[in-house]
*Asks:* 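Starting off with a structure, shown below.
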Amino acid sequence: MAPAVPAYRYGAAMAAVIEPAWQQRWADEAVFAAPNPVGSLSSGFDAVAGRPKKFVMDMFPYPSGEGLHVGHPLGYVSTDVYARYQRMNGHTVLHTMGFDAFGLPAEQHAVETGRHPRTLTERNISIYREQLRQLGMDHDPRRSVSTIDPSYYRWTQWIFLQLFGSWYDVDADRARPIADLLVELDAGEREPAEGTNPGRRPWPQLSDVDRGRVVDAHRLAYLHQAPVNWCPGLGTVLSNEEVTADGRSERGNFPVFRRPLRQWMLRITAYSDRLLADLDLLDWPDSIKLQQRNWIGRSTGAYIAFGTDHGGIEVFTTRPDTVFGATYLVLAPEHPMVGALTATAWPDGVPASWTDGAARPGEAVAAYQLTASRRSELDRQTEGREKTGVFTGAYAHNPATGRAIPVFVADYVLMGYGTGAIMAVPGQDQRDWDFAEAFDLPILRTVAPPEDFDGQAYTGAGPAIGSGFLNGLEVDAAKVRIIEWLVRNGHGRSAVTYKLRDWLFSRQRYWGEPFPIVYDDDGMPHAVPDGLLPVSLPDVDDYSPRTFPDGDVTGEPETPLSRATDWVTVELDLGAGVRSYRRDTNTMPNWAGSCWYELRYADPDNDTAACDPEIERYWMGPRDDNDCGGVDLYVGGAEHAVLHLLYARFWHKVLFDLGYVSSREPFRKLVNQGMIQSPAYADARGFYVEASEVERRGTEFFFHGEPVRQEFGKVGKSLKNVITPDAMIAKYGADTFRLYEMFTGPLEQSRPWDPQAVSGMYRLLQRIWRNVIDETTGESRVSTVDREASTVDDDTRRLMHRTIDAVRDGYETLRFNTSIARITELSNRLTQRFSSGVMPAEVAEPLVLMLAPLSPHVAEEMWSRMGHQESLAWRAFPVADPDLLGSETVQIAVQVNGKLRATVTVASDANATAMESAARAEPRVTAQLDGATVRKVIAVPGRLVNFVVG
RNA sequence: GCCCUCGUAGCCCAACCGGUAGAGGCAACGGACUCAAAACCCGUCCAGUGUGGGUUCGAAUCCCACCGAGGGCACCA
């Protein structure tokens, strides 16, 4: 008996044979090697020298132990399709994939097992590489880098030293080498920047150590003793971006506390304005730009000084126009002037609510400060918006009214923003209103609200009242006037502040880049000389930092590296003879390696530079004066909106300032891929159960006989709904899997994973195959006759050219779902016309080439069976003949008063007059127009005619 | 509370600068093939675009309000 399935039908079994074979051939022939203009990867450059370039990138993954799930390839396949399309479209394409391989999971595994995190990480990386290969990626494997490779982190450390070795020249508005600063300070051309010279003694009189401190305080990478986010549960400090809104670590969900510690900071705030302004140059989703704008949080206003017996308190306000309504001041509990201001005794007649029951202000303030410091962000929130605070016993003078107003300490004012002190204007600020009500403080309106306003604080527009010389002025005019007045009288100045804080850059962990820094006996930091990089991670017995109970806010951080005693002490000659130095025992945060990997992709094995400037210019350089340069397409998840994407922009700008790169931005165009959501099931208690073991009965779902509730959510371990690409590839082949992932919707959109719908794409590939290949013999069905003798009819030919046009458009705009729909349409037509007899090459070849970016293995196989020796990866993508895009005639709509009444067929190039007369000739239209006055006729060529009657 | 994105057939999705709401797939149904079933092939069905207003000759598309889903921020002075 003959087998039920023809021997050469396309299916999973055949995919399992041809896919590895093509992957092998691509690798053997180095089909996807992208040549550089110079350097180690320059061979073959002459062949592509004249081509336009595309640098296409994915956000590289952390290689976790679970391997890829179906969510990952959505982005990876899309860049692969785009890269393959652009290669066929005449570009030379840089596409590769690396690994962001430092990180906590491997370290925690190492802590548990005692095995070096590198062992597990490298094993995971090789699993990922194999999975990516099975997906048929067109990566250039020579460029695949991993952040844990010493040859990579050597340059991460080098970039850190560039930050350490430079300062921000505000006048030049760029970073410059620290050596320039020294020259200018020594020459007296420059004074130390504000806040860098606490003693304020002139530069020439400073000791060497003090000069070192002044210089260190200018650096873009600097050590700073300040309140930081301390996470006892992780035994490390965290950056602001790594702490969630409810005061927990993003990783591990441990409580985070504020406490002062000496840590490395990166001066990202120096770049606030440029990070903000250059967003306008980027082709990024608006939502991401907006999130970055909000995170940077630029606001304009004024600093105003309020006099006290112990000096002026400077506040920041965005509403200087309301200063006449400032009825009290509030300092953050950590504000440095709190101690000096706090009075020795309560003034007469102080309300009981201001003293918190304490006998003296000092006791009340100290108690309040202690409570505030112990209070995590989470506690603050669970307490609701109840305002708390305590009176310092001191008064300040409102410079506008001359009146004495009380000074409070309250935790609704944050030390980290503005000056850590505010003027409270309850009439125009709801927070101040709430506090004023709680403490019986006077509330004055200084902006007249509308008559029907029945709220509390009024923040809208309106004329100033009760504000002396400002009365009658609208808010903006009043701001201008009061700032003039403040400046003239020495009470203040206009100011810009940012929410963005400097980046806390050290972690007390093991599995990260060591700092290339040593300390001398004075505790002064020194750069490890370039020739001694990388500073390698030492082997240790215990990979864990010392952790503490959640509530422990005083434990001293103890890093794993500090226990590598042989490593910590080092003999070096840094210019003062051989001396003993102590190494920095922190490591860099996880984000460091991902801040610059695009540059390393471009020049992966350069051992004299992070990236050769000529190679950077070639792949990433600006194309014209308005172009910021950077990677042509960067695809990744929206969850990195303010972390990775802001940090990477910052590093890139530093390298730009120092002349190492020609591009101002790392990523010219960014696209966020949507999430793949997959069915997840929860039982009666609300716990998730393994989705793969749930069975469906009609519209209900059961897990081991118990009813469960279906919902959709992000694929992952927590919802127990992981679907692996491996399983999909085994069942259908990688080509079907790729096609399905691209078909379900536009890239940016989240979509549910529907295992049933995959079969549609499977059938499509089978149909295309059957069009081109004889299922029983495996021979090509495609005729090779000349176009003149082709049996392709005009309709089909026109359809093909329209298809080419539409498919190209879909590839260009990353709307691959529409490309697939058009390919399907053409394939269906070919099935209809040519299912018996031969398939004309005139249509078969473009069909296969158009499919190739999406499903490259089967396309290569068909192409090869059609008699082509060469891979189609570099074959020119079909081009539509513009003359064949339209049809000869077109059906247009005829509307009367906007209502569709008839359709008529006209020549596709018919002008308005011709269209109108054709429409009038249509009997149903004639009937409609009979007896009516036609006021206006609107004719849109190729679309419609609309008679406006009445 | 504020901000952003999105609501089109039973489901996933198309629809260019406002111009006849439908390209494609899934599911369903019918047919063909088969001893039968699966697979494959052919065909059919299905919405007036979340709701209510507005602008316009004409609105899925632009504007306003509301409802729903997802995401971000959240005492930022």
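A, B, ... follow the sequence lines: proteins, then strands. Residue 1 opens every chain.
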*Asks:* Rounding to an integer number of angstrom, what distance separates C73(B) and G19(B) when you compare their C1' atoms?
*Replies:*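 Approximately 41 Å lies between the C1' atom of C73(B) and that of G19(B).
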*Asks:* Both Met675(A) and Val940(A) contact RNA chain B. Taking the nearest nucleotide for each, which residue is further toward the 5' end?
*Replies:*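 Between the two, 5'-proximity favours Val940(A).
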*Asks:* Taking salt bridge (charged side-chain N to carboxylate O under 4.0 Å, His left out) as the definition, give me every residue that meets it alongside Glu825(A), ordered by chain and number, with sequence neighbours left out.
*Replies:*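 Scan of Glu825(A) (salt bridge (charged side-chain N to carboxylate O under 4.0 Å, His left out), adjacent residues dropped) gives Arg822(A).
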*Asks:* Is the cationic atom of Lys387(A) (NZ for Lys, CZ for Arg) positioned less than 6.0 Å from the six-membered ring centroid of Tyr412(A) and within 45 degrees of its normal?
*Replies:*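 Geometry flag: set, cation within 6.0 Å and 45°.
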*Asks:* What's the spacing between Leu885(A) CG and Asp805(A) CG if we round to 0.5 Å?
*Replies:*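 The CG atom of Asp805(A) is 5.0 Å from CG of Leu885(A), to the nearest 0.5 Å.
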*Asks:* If anything within 90° of 0 is syn and all else is anti, what is C17(B)?
*Replies:*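 Syn for C17(B); the angle stays within 90° of 0.
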*Asks:* Identify the two heavy atoms, one from Pro399(A) and one from Ile304(A), that lie closest to each other, and give their separation to 0.1 Å.
*Replies:*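 That closest heavy-atom pairing would be CG-CG2, 3.8 Å.
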*Asks:* Report yes if at least one side-chain N or O of Arg943(A) is closer than 4.0 Å to OP1 or OP2 of U20(B); otherwise report no.
*Replies:* yes
*Asks:* Hey, which of these two, Gly898(A) or Ala757(A), hits RNA chain B nearer its 5' end, going by closest nucleotide?
*Replies:* Ala757(A)
*Asks:* Does Gln749(A) put a side-chain nitrogen or oxygen below 4.0 Å from OP1 or OP2 of C13(B)?
*Replies:*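 True: Gln749(A) side-chain N/O within range (under 4.0 Å) of C13(B) OP1/OP2.
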*Asks:* Answer yes or no: does a side-chain N or O of Asn817(A) lie under 4.0 Å from OP1 or OP2 of A14(B)?
*Replies:* yes
*Asks:* Mind checking the CG-OG1 spacing from Leu764(A) to Thr736(A)? Nearest 0.5 Å is all I need.
*Replies:*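 Here the interatomic distance stands at 9.0 Å.
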*Asks:* When the P atoms of G71(B) and A65(B) are compared, how many Å lie between them, rounded to an integer?
*Replies:*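 The same atom, P, in both gives a distance of 24 Å.
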*Asks:* Between Ser299(A) and A77(B), is there a side-chain N or O to OP1/OP2 distance below 4.0 Å?
*Replies:* yes
*Asks:* Tell me whether the side-chain N/O atoms of Arg802(A) come closer than 4.0 Å to OP1 or OP2 in A23(B).
*Replies:* no
*Asks:* In whole Å, measure the gap between the C1' atoms of A27(B) and G70(B) for me.
*Replies:*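 The answer is 26 Å between these two C1' atoms.
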*Asks:* Does a side-chain N or O from Arg763(A) land closer than 4.0 Å to OP1 or OP2 of C40(B), or not?
*Replies:* yes
*Asks:* Between C45(B) and G25(B), how far is it from one P atom to the other, in whole Å?
*Replies:*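 Per the computed distance, 15 Å lies between those P atoms.
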*Asks:* Taking the P atom of each, how far is U5(B) from A77(B), in whole Å?
*Replies:*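 One P to the other, the span is 22 Å.
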*Asks:* Provide the distance between the two C1' atoms, one in G24(B) and one in U34(B), to the nearest whole Å.
*Replies:*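 Pairwise C1' distance, G24(B) against U34(B), rounds to 30 Å.
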*Asks:* Using the C1' atom in both, what is the distance from C12(B) to A28(B), to the nearest Å?
*Replies:* 15 Å
*Asks:* Please determine whether a side-chain nitrogen or oxygen atom of Arg751(A) lies at a distance below 4.0 Å from atom OP1 or OP2 of C11(B).
*Replies:* no
*Asks:* Of the listed nucleotides (C26(B), A23(B), G19(B)), which one gets closest to any side-chain atom of Ala821(A)?
*Replies:* A23(B)
*Asks:* Check whether any side-chain N or O of Asn672(A) sits under 4.0 Å from OP1 or OP2 of G71(B), and answer yes or no.
*Replies:* no
*Asks:* Ignoring the backbone of Gln832(A), work out which of G58(B), A77(B), G43(B) is nearest its side chain.
*Replies:*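 Selected nucleotide: G43(B).
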*Asks:* Select one nucleotide: of A77(B), G24(B), G19(B), the one nearest the side-chain heavy atoms of Glu825(A).
*Replies:* G24(B)
